[in-house]
K.L.:
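Pasting in a structure now, in structure tokens, and then I'll have a few things to ask.
No hydrogens, no waters, no symmetry mates; every other heavy atom, side chains included, goes into these values. Along the sequence shown, residues carry numbers from 1.
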Amino acid sequence: MRDYIKFLAHQLKGWPKQNYYLFFFSLGCQVMTLVTNPITWISVVTFIGTTLGVLCILAINAAKSVNGLLGILSALCFIITGWAAKNYLSIFTQISYVLALDVPVLISKNWNVNMVSKIRKFKPKNWLVAIGLTIITYLVSGYAIGHLTNDPRPWVDAISFAIGLSGSVICFLRYSDQYVWWFANDFAGMVLWFVSFHQGSATLAMFVNSAIYLLNDFIGFTVSPWFNKKEHDRLVQEEQNYEKKYHESMD
């Protein structure tokens with residue numbers, strides 16, 4: 001347990017400084033959103049979920065596998081929020097994150113060790129497959145949720161679900177092109193939660209959270225190790241030094 005706690009502490013260090021700035025900016029926004037509106041049990045759960053969720057995406061941005069633990073905890077909160085808002089596919093989106101990304105990250109030794117050194121890019125065939133599967137998922141999920149539940153926004157909900165599911169799979173496979181999906185997903189999320197808030201089905205915090213996620217995408221495209229070679233090389237070296245130090249301490 002001590003070694004795992006040290007591992008988690010290491011995973012929260014060495015991020016691009018922009019990640020830390022965005023986290024504290026997000027925290028301030030969410031605190032203001034919480035205290036300037038009626039405080040209910042759902043608003044508190046949403047606050048916890050959004051805070052952990054931002055940490056999760058920033059960990060992915062920094063190519064740190066602590067996102068697995070953070071993702072599961074935030075997903076539990078978002079599932080409760082989605083159920084209260086009747087955005088049922090947002091619940092399946094969170095479940096898909098847990099199954100396709102968080103759990104495999106936690107149990108995959110290969111993913112956890114110096115993950116940044118394993119980043120790769122799409123080839124033309126990958127683009128065609130990923131886009132095709134995203135469209136199919138959108139059509140099937142939108143039709144199913146609209147006919148099987150009382151979801152008031154089935155097709156808006158389906159956009160976020162289809163893009164989010166595809167993005168989580170692409171992320172687990174360590175393709176930097178995931179950020180195209182995350183950008184589209186976060187924009188769709190802003191639309192979904194703004195409409196939900198406008199219709200009185202959700203708190204404003206979820207819309208703010210999607211906006212923060214969108215800002216994280218810009219960091220991902222610019223200074224994160226997924227796209228920035230200098231940052232990529234720095235983190236590869238940092239992880240190699242950590243592994244070396246860890247193995248020396250075990251000898």
K.L.:
Please round to the nearest 0.5 Å and tell me the distance separating atom NZ of K121 and atom OH of Y175.
P.N.:
12.0 Å

K.L.:
Can you get from L76 to I80 by hopping between Ile, Leu, Val, Met, Phe, Trp and Tyr side chains that sit under 4.5 Å apart?
P.N.:
no

K.L.:
How far does OH of Y20 sit from CZ of F24, to the nearest 0.5 angstrom?
P.N.:
9.0 Å

K.L.:
Please find the pair of heavy atoms, one from I60 and one from C171, that lie closest to each other, and give the distance.
P.N.:
CG2-SG, 3.8 Å

K.L.:
Treating Ile, Leu, Val, Met, Phe, Trp and Tyr as nodes and any side-chain heavy-atom pair under 4.5 angstrom as an edge, say whether Y21 and L55 lie in one connected cluster.
P.N.:
no

K.L.:
Roughly how far apart are W15 CH2 and L235 CG, rounded to 0.5 Å?
P.N.:
11.5 Å

K.L.:
Please report the shortest heavy-atom distance between P16 and E231, naming the atom on each side.
P.N.:
CG-OE2, 3.5 Å

K.L.:
Could you give the side-chain donor-acceptor pairs of residues 156-165 under 3.5 Å, partners two or more places apart or in another chain?
P.N.:
unit_1	atom_1	unit_2	atom_2	d
D157	OD1	S90	N	3.2
D157	OD2	Y88	N	3.2
D157	OD2	L89	N	2.9
S160	OG	N185	OD1	3.3

K.L.:
Can you name the one residue among T81, N209, T40 that meets side chain to side chain donor-acceptor pair (under 3.5 Å) with T46?
P.N.:
T81

K.L.:
Flag yes if W83 and I95 sit in one hydrophobic cluster, no otherwise; membership is Ile, Leu, Val, Met, Phe, Trp, Tyr, and two members link when side-chain heavy atoms are under 4.5 Å apart.
P.N.:
yes

K.L.:
Can you check side-chain contact (heavy atoms from CB on, under 4.5 Å) on V54 and N216, steps first, answer last?
P.N.:
CA-CA 9 Å; V54 170; N216 174 71; over 6 Å; no

K.L.:
Measure the shortest side-chain to side-chain distance between V103 and Y97 over non-hydrogen atoms and say whether it is less than 4.5 angstrom.
P.N.:
no

K.L.:
Checking ring pair (Phe, Tyr, Trp, His ring centres under 6.0 Å) for the pair Y138/W155: CA distance, chi angles, key distance, verdict?
P.N.:
CA-CA 8 Å; Y138 167 66; W155 292 105; 5.4 Å; yes

K.L.:
Could you give the distance from CG (L22) to CZ (F218), rounded to the nearest 0.5 Å?
P.N.:
12.0 Å

K.L.:
Taking all atoms of both residues into account, what is the closest heavy-atom pair of A63 and P225, and its distance?
P.N.:
CB-CG, 4.0 Å

K.L.:
Check V44 against L34 and note the closest heavy-atom contact, atom names and distance.
P.N.:
N-CD1, 4.3 Å

K.L.:
Please enumerate all residues that pass ring-ring contact (aromatic ring centres under 6.0 Å, His included) together with F227, with sequence neighbours excluded.
P.N.:
F221

K.L.:
Hey, are K64 and E238 close enough for a salt bridge, meaning a charged N less than 4.0 Å from a carboxylate O?
P.N.:
yes

K.L.:
What are the two closest non-hydrogen atoms of G189 and S210, and how far apart are they?
P.N.:
C-OG, 3.5 Å

K.L.:
Can a donor-acceptor pair be found, under 3.5 Å and without considering hydrogens, that links the side chain of D177 to the backbone of F122?
P.N.:
yes

K.L.:
Using residues 124-131 as the side-chain source, report each donor-acceptor pair under 3.5 Å to any protein atom, sequence neighbours left out, with the distance given to one decimal.
P.N.:
unit_1	atom_1	unit_2	atom_2	d
N126	OD1	K123	N	2.8

K.L.:
Quick check on side-chain contact (heavy atoms from CB on, under 4.5 Å): which of N67, V66, I72 does L70 satisfy it with?
P.N.:
V66

K.L.:
What closest approach, in Å, do L214 and F187 show between heavy atoms, and which atom pair accounts for it?
P.N.:
CD1-N, 3.9 Å

K.L.:
Verify, without hydrogens or angle tests, whether R120 (side chain) and L173 (backbone) share a donor-acceptor contact under 3.5 angstrom.
P.N.:
yes

K.L.:
Rounded to the nearest 0.5 Å, what separation is found between the CZ atom of F47 and the CD1 atom of I39?
P.N.:
10.0 Å

K.L.:
Ignoring hydrogens and geometry beyond distance, is a side-chain donor-acceptor pair present between S96 and S168 at under 3.5 Å?
P.N.:
no

K.L.:
Keeping H232 on the side-chain end and W226 on the backbone end, is there a donor-acceptor pair under 3.5 Å?
P.N.:
no

K.L.:
Please report the interatomic distance CG(L73) to OG1(T51), rounded to the nearest 0.5 Å.
P.N.:
12.0 Å

K.L.:
Can you check whether T137's main-chain N or O pairs, donor with acceptor, with S141's side chain at less than 3.5 Å?
P.N.:
yes

K.L.:
Tell me whether V191 shares a hydrophobic cluster with W193, the cluster being built from Ile, Leu, Val, Met, Phe, Trp, Tyr side chains joined at under 4.5 Å.
P.N.:
yes

K.L.:
Counting distance only, does the side-chain N/O of N61 pair as donor-acceptor with the main-chain N or O of S224 below 3.5 Å?
P.N.:
no

K.L.:
Is it true that a side-chain atom of T33 and a backbone atom of C29 form a donor plus acceptor pair closer than 3.5 Å?
P.N.:
yes

K.L.:
Within the 4.5 Å heavy-atom criterion, are T93 and F78 side-chain neighbours or not?
P.N.:
no

K.L.:
Please say yes or no: joined through hydrophobic side-chain contacts below 4.5 Å, possibly via intermediate residues, are M32 and I48 part of one cluster?
P.N.:
no

K.L.:
For the ring pair Y213 and W182, is the centre-to-centre distance below 6.0 Å?
P.N.:
no

K.L.:
Under a 3.5 Å distance rule, please check whether N228 uses its side chain to pair with a backbone N or O of T222 as donor and acceptor.
P.N.:
yes

